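Quick caveat: nothing in here was measured; it's all calculated off a predicted structure. Quick note: numbers below take in every heavy atom, side chains included, and nothing from hydrogens, waters or symmetry partners. Within every chain, numbering begins at 1; the chains are lettered A, B, ... in the order of the sequence lines, protein sequences first and strands thereafter.
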Amino acid sequence: MANPIRVRFAPSPTGYLHIGSARTALFNWLFVRKHGGTMILRIEDTDKQRSTDESTRSILEGLEWIGIDWDEGPYYQSAYVDRHRSAVEQLVAEGKAYRDFTPRQATDDKTVKADIADRARANAGEKVRNPYRDLDAAESDRRAADGEPFAVRLKVPDEGASTFVDTVYGDQTVDMKSIEDLVLLKSDGSPLYNLSVVVDDIDMRITHVIRGRDHVSNTHKQILIYRALDAEPPTFAHLPLIFAPDRSKLSKRKHGPVVSLTTYRDRGFVPEAFRNFIALLGWSPGTDEEVMSLDELIAKFSLEGINRADAIFNFSDADDRTWTDAKGLWMNAEYLSKALPEERILGLVEGELRSKELWSEEYAANGPRHDWYRSTVDLLRARARTIDDFSVNNRAFWADDYPIDPKAKAKNLSDPKTLELLAELGRRYESLEPFALETAESVLRAYADEAGVKAGVLINGSRTVLTGSPVGPGIFEVMMALGKSRTAERLQGAAQVTAGRESV
RNA sequence: GCCGCUAUAGUGUAACUGGUUAACACGCUGCCCUCUCAAGGCAGAGAGUACGGGUUCGAGCCCCGUUAGCGGUACCA
């Protein structure tokens with residue numbers, strides 16, 4: 001028999017997949033992959049106003065990018081509204097829910113919070129009893145049959161308390177008095193979130209609900225619905241939230257693309273690294289380990305290791321170097337430079353080069369320059385922070401039309417004499433045999449002596465001419481990667497190479 | 001307003017059933033290497049655990065209160 005554990009990730013398609021949802025999905029996934037069981041994807045698209053196919057696509061893409069798959073679905077919640085409605089009818093028939101004929105009041109999205117507080121203050125904290133709660137069943141049926149519009153509410157007990165054990169937060173108790181008779185079905189006949197979720201979770205035989213802690217108060221209501229439906233509630237585990245540096249909720253409107261997963265894909269993040277990074281937002285294996293492979297994450301993951309305090313996703317839009325959380329950037333660099341197996345990074349760089357039209361089939365696994373490609377990637381990966389570093393900062397390794405950093409030029413090539421020296425160095429390299437790490441270095445140093453300049457002048461000048469950049473790997477390694485002819489040519493043409501090619 | 005949750009360096013997290021000087025990582029600063037660096041190596045600063053009480057030989061861990069932040073309180077999801 002199959003493992004009975006069944007979890008679901010249930011995003012609503014009202015925007016792209018953001019960091020918080022991605023982490024929720026990841027935790028569900030790690031949990032089910034660790035214990036065995038079934039991962040279900042359910043798109044909660046009942047809000048027709050805000051749901052879009054584009055959002056659904058973007059969410060699926062995001063999940064795929066970060067390596068989360070699912071065993072069932074995607075199911076679309078809107079397909080089950082009939083089920084939701086019939087569950088409500090059943091509850092009404094059983095007297096567990098009732099029709100509320102109070103005329104619908106228009107709600108304004110912008111002022112709901114204030115309205116709620118005002119109404120609560122007016123009621124002085126007392127639960128107001130709905131006048132239709134005890135309406136005679138026959139009369140209720142008659143008025144409904146007459147076509148009078150109504151909403152359906154659940155009969156919440158007047159006395160007692162609602163209690164459940166949250167795997168992360170422990171015992172959760174709330175007085176029934178603080179839960180009002182929640183609406184199950186709107187007067188236009190559409191079911192409400194709490195009802196739909198419960199019916200679907202029952203039908204899909206969900207055993208563990210892992211979601212953000214903004215749902216804890218919903219959980220009390222949902223458990224009441226489970227009970228009313230004679231179903232056993234699943235195990236609940238709520239997750240701390242992820243905030244922006246100002247402790248506000250991460251949102252597209254306020255924080256822009258930094259919260260979207262696709263941004264990370266498009267800006268050169270390695271999915272393994274990003275996944276590793278967000279796994280650590282609110283969870284820890286209890287040890288010092290941070291860089292963990294997928295298998296390690298699965299092996300070490302546990303709901304008990306989840307921290308209860310909300311986490312801050314620490315980015316700053318003021319500085320481009322910290323456009324996203326510095327630790328995420330570090331994690332990515334860690335994967336690019338060390339953690340990724342060679343085959344994987346070769347593939348990632350290939351994708352990057354292809355997208356910039358810098359790829360050559362000669363670099364392919366069976367191509368003549370595959371060894372060169374491999375050693376070049378190996379040389380460059382130590383300094384890479386994002387995948388596009390390979391094509392942007394290191395364009396000179398793949399093409400001849402690389403830009404020259406103006407600051408590097410000003411610093412290393414301001415003296416016209418240097419350009420002449422570099423040209424001569426290029427000529428000497430042209431006839432150098434063999435062109436190797438040691439010989440290239442000794443030729444350069446000897447020539448520096450001869451010319452009466454410090455070796456650093458030729459070294460830094462060479463780096464600027466050869467790569468256009470003020471920084472990079474050891475210069476002789478760069479020369480070996482470029483090869484004799486390209487090195488010699490670029491140096492000989494130092495003046496032309498660096499003329500009018502300043503980048504910003 | 002009411003209900004609930006949380007509180008350990010700037011950030012992410014540790015600290016076994018209360019037990020040395022509160023640890024690790026990112027970030028920051030400095031030094032070293034050296035041909036440069038956003039690479040590598042080393043070192044350092046930075047919290048006395050939100051605040052106030054209490055229990056205890058001993059409290060970041062337990063209890064009470066306060067404060068702050070957050071979540072919820074909808075015919076939103």
Side-chain angles (χ1 to χ4, degrees), chain A residues 10-12 14 44 46-47 49-51 100 102 104-107 109 112-113 115-126 149-153 166 169-170 172-175 177-180 182-188 190 192-194 196-197 212-218 220 238 240-241 243 245 247-249 277 280-291 305 307-315 321-322 325-331 333 337 382-385 389 393 408 411-412 441 444 454-464 469-476:
Chain A
S12 54
T14 54
E44 306 211 323
T46 48
D47 186 342
Q49 301 290 309
R50 295 193 295 155
S51 298
D100 177 3
T102 310
R104 178 176 187 169
Q105 286 170 0
T107 47
D109 260 13
V112 267
K113 297 274 180 191
D115 291 348
I116 291 164
D118 287 347
R119 202 182 62 189
R121 260 188 294 275
N123 296 338
E126 281 307 300
F150 60 86
V152 176
R153 289 180 183 271
D166 187 282
Y169 288 93
Q172 298 294 308
T173 302
V174 128
D175 205 302
K177 288 192 181 67
S178 69
I179 305 176
E180 64 172 18
L182 54 135
V183 173
L184 266 17
L185 199 70
K186 298 192 214 179
S187 48
D188 66 3
S190 55
L192 262 94
Y193 171 75
N194 280 316
S196 302
V197 166
R213 72 165 177 81
D214 48 342
H215 285 284
V216 295
S217 60
N218 279 330
H220 289 283
H238 290 95
L241 267 22
F243 291 128
R247 296 205 152 266
S248 69
K249 231 173 157 178
F277 168 65
L280 261 15
L281 241 30
W283 172 79
S284 125
T287 63
D288 288 346
E289 291 163 284
E290 293 196 311
V291 179
N307 192 248
R308 283 181 278 270
D310 298 320
I312 289 174
F313 184 61
N314 196 20
F315 61 91
R321 275 202 61 196
T322 54
D325 195 298
K327 189 133 187 183
L329 249 9
W330 168 81
M331 185 69 81
S337 61
R383 284 168 179 74
R385 293 174 71 80
D389 282 345
N393 297 346
K411 189 177 167 200
N412 301 320
E441 176 160 8
L444 182 144
K454 289 208 279 194
V457 172
L458 297 184
I459 286 170
N460 291 319
S462 293
R463 176 175 292 105
T464 306
S469 170
V471 302
I475 190 63
F476 303 107

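- Remark: the separation of the P atoms in B:A45 and B:U55 is 36 Å, to the nearest Å.
- Applying the side-chain contact (heavy atoms from CB on, under 4.5 Å) rule to A:S337 yields no partners; only residues at least two apart in sequence or on another chain are considered.
- Rounded to a whole angstrom, the distance from the C1' atom of B:A25 to that of B:C63 is 34 Å.
- One C1' atom belongs to B:U56, the other to B:C64, and the distance between them is 16 Å to the nearest Å.
- The CZ atom of A:F315 lies 13.0 Å from the CG atom of A:L329; values are rounded to the nearest 0.5 Å.
- Counting all heavy atoms, side chain and backbone alike, A:E44 lies closest to A:Y193 at OE1-CE1, 3.3 Å.
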Taking N or O atoms only and anything under 3.5 Å, show me the protein contacts with nucleotides 36-42 of chain B, one pair per line.
{"unit_1": "B:U36", "atom_1": "O4'", "unit_2": "A:N460", "atom_2": "OD1", "d": "3.2"}
{"unit_1": "B:U36", "atom_1": "O2'", "unit_2": "A:P470", "atom_2": "O", "d": "3.0"}
{"unit_1": "B:U36", "atom_1": "O2", "unit_2": "A:R463", "atom_2": "NE", "d": "3.4"}
{"unit_1": "B:U36", "atom_1": "O2", "unit_2": "A:P470", "atom_2": "O", "d": "3.4"}
{"unit_1": "B:U36", "atom_1": "O2", "unit_2": "A:G472", "atom_2": "N", "d": "3.0"}
{"unit_1": "B:U36", "atom_1": "O2", "unit_2": "A:G472", "atom_2": "O", "d": "3.4"}
{"unit_1": "B:U36", "atom_1": "N3", "unit_2": "A:R463", "atom_2": "NH2", "d": "3.3"}
{"unit_1": "B:U36", "atom_1": "N3", "unit_2": "A:G472", "atom_2": "O", "d": "2.6"}
{"unit_1": "B:U36", "atom_1": "O4", "unit_2": "A:G472", "atom_2": "O", "d": "3.3"}
{"unit_1": "B:U36", "atom_1": "O4", "unit_2": "A:G474", "atom_2": "N", "d": "3.4"}
{"unit_1": "B:C37", "atom_1": "O2", "unit_2": "A:R383", "atom_2": "NE", "d": "2.7"}
{"unit_1": "B:C37", "atom_1": "N3", "unit_2": "A:R383", "atom_2": "NE", "d": "3.3"}
{"unit_1": "B:C37", "atom_1": "N3", "unit_2": "A:R383", "atom_2": "NH2", "d": "2.7"}
{"unit_1": "B:C37", "atom_1": "N4", "unit_2": "A:R383", "atom_2": "NH2", "d": "3.4"}

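- When the C1' atom is compared between B:A15 and B:C24, the two are found 11 Å apart, to the nearest whole Å.
- Of all heavy-atom pairs spanning A:R463 and A:P473, the tightest one is NH2-O, 3.3 Å.
- For A:D115, there are no salt bridge (Lys or Arg N to Asp or Glu O under 4.0 Å) partners at least two apart in sequence or on another chain.
- The separation of B:G54 from B:A14, taken at their C1' atoms, amounts to 28 Å, rounded to a whole angstrom.
- Checked against side-chain contact (heavy atoms from CB on, under 4.5 Å), A:S196 has the following partners two or more places apart in sequence or in another chain: A:Q77, A:H84, A:P191.
- Considering OG1 of A:T102 and CG of A:D100, their distance stands at 3.5 Å, rounded to 0.5 Å.
- At a threshold of 4.0 angstrom between heavy atoms, the contacts of A:E289 with the nucleic acid are absent.
- Residue A:K249 is in sugar-phosphate contact alone, with no base atom involved, counting any heavy-atom pair closer than 4.0 Å across all strands shown.
- When the side-chain hydrogen bond (donor to acceptor under 3.5 Å, both in side chains) test is applied to A:N307, no partner is found at least two apart in sequence or on another chain.
- Looking at A:N393 and A:R383, their side chains never come closer than 4.5 Å, going by heavy atoms from C-beta outward.
- Taking the P atom of each, B:C35 and B:C26 are spaced 27 Å apart, rounded to whole Å.
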For nucleotides 73-77 of chain B, list the nitrogen or oxygen atoms of the protein found under 3.5 Å from its nitrogen or oxygen atoms, one pair per line.
{"unit_1": "B:A74", "atom_1": "OP1", "unit_2": "A:R119", "atom_2": "NH2", "d": "3.4"}
{"unit_1": "B:A74", "atom_1": "OP2", "unit_2": "A:R119", "atom_2": "NH2", "d": "2.6"}
{"unit_1": "B:A74", "atom_1": "OP2", "unit_2": "A:E180", "atom_2": "OE1", "d": "3.3"}
{"unit_1": "B:A74", "atom_1": "OP2", "unit_2": "A:E180", "atom_2": "OE2", "d": "2.5"}
{"unit_1": "B:C75", "atom_1": "OP2", "unit_2": "A:R153", "atom_2": "NH2", "d": "3.3"}
{"unit_1": "B:C75", "atom_1": "O2'", "unit_2": "A:R104", "atom_2": "NE", "d": "3.0"}
{"unit_1": "B:C75", "atom_1": "O2'", "unit_2": "A:R104", "atom_2": "NH2", "d": "2.7"}
{"unit_1": "B:C75", "atom_1": "O2", "unit_2": "A:S187", "atom_2": "N", "d": "2.7"}
{"unit_1": "B:C75", "atom_1": "O2", "unit_2": "A:S187", "atom_2": "OG", "d": "2.9"}
{"unit_1": "B:C75", "atom_1": "N3", "unit_2": "A:S187", "atom_2": "OG", "d": "3.0"}
{"unit_1": "B:C75", "atom_1": "N4", "unit_2": "A:T102", "atom_2": "O", "d": "2.7"}
{"unit_1": "B:C76", "atom_1": "OP1", "unit_2": "A:R104", "atom_2": "NH2", "d": "3.3"}
{"unit_1": "B:C76", "atom_1": "OP2", "unit_2": "A:K186", "atom_2": "NZ", "d": "2.5"}
{"unit_1": "B:A77", "atom_1": "OP2", "unit_2": "A:Y193", "atom_2": "N", "d": "3.2"}
{"unit_1": "B:A77", "atom_1": "O2'", "unit_2": "A:S12", "atom_2": "OG", "d": "3.1"}
{"unit_1": "B:A77", "atom_1": "N6", "unit_2": "A:N218", "atom_2": "OD1", "d": "3.1"}
{"unit_1": "B:A77", "atom_1": "N6", "unit_2": "A:N218", "atom_2": "ND2", "d": "3.1"}
{"unit_1": "B:A77", "atom_1": "N1", "unit_2": "A:N218", "atom_2": "ND2", "d": "3.2"}

- In 5'-to-3' order, the base (B), backbone-only (S) or no-contact (-) status of each nucleotide in nucleotides 7-12 of chain B, using a 4.0 angstrom heavy-atom cut-off, is S---SB
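- Residue A:G170 is classed as having no contact, given no heavy-atom separation below 4.0 Å to the nucleic acid.
- Taking a pair as Watson-Crick or G-U wobble with both distances under 3.5 Å, the runs of three or more consecutive pairs in RNA chain B are B:1-7 with B:67-73, B:10-13 with B:23-26, B:28-32 with B:40-44, B:50-54 with B:62-66.
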- Message: Run A:W330 and A:V291 through side-chain contact (heavy atoms from CB on, under 4.5 Å) and show every step you take.
- Response: CA-CA 11 Å; A:W330 168 81; A:V291 179; 4.1 Å; yes
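- In terms of the side-chain contact (heavy atoms from CB on, under 4.5 Å) criterion, residue partners of A:A408 (sequence neighbours excluded) are, by chain and number, A:D405, A:N412, A:T464, A:P470.
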Look for any protein N or O under 3.5 Å of an N or O in nucleotides 17-23 of chain B and output each such pair with its distance, or none.
none

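- The side-chain contact (heavy atoms from CB on, under 4.5 Å) test applied to A:Q172 returns A:F164, A:D166, A:Y169, A:H220, not counting sequence neighbours.
- Rounded to whole Å, the separation between the P atoms of B:A9 and B:A22 comes to 14 Å.
- Between the OH atom of A:Y169 and the C1' atom of B:C3 there is a distance of 16 Å, rounded to whole Å.
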- Task: Output, in order, the C-alpha distance, side-chain angles, deciding distance and verdict of side-chain contact (heavy atoms from CB on, under 4.5 Å) for A:M331 and A:L280.
- Result: CA-CA 11 Å; A:M331 185 69 81; A:L280 261 15; 3.9 Å; yes
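- Here CG of A:D310 is found 5.0 Å from CG of A:L241. Values are rounded to the nearest 0.5 Å.
- Across B:C62 and B:C16, the matching P atoms stand 11 Å from one another, rounded to whole Å.
- With sequence neighbours excluded, no residue forms a ring-ring contact (aromatic ring centres under 6.0 Å, His included) with A:F476.
- Atoms CD and CZ, from A:E180 and A:R153 in turn, are 6.0 Å apart once rounded to the nearest 0.5 Å.
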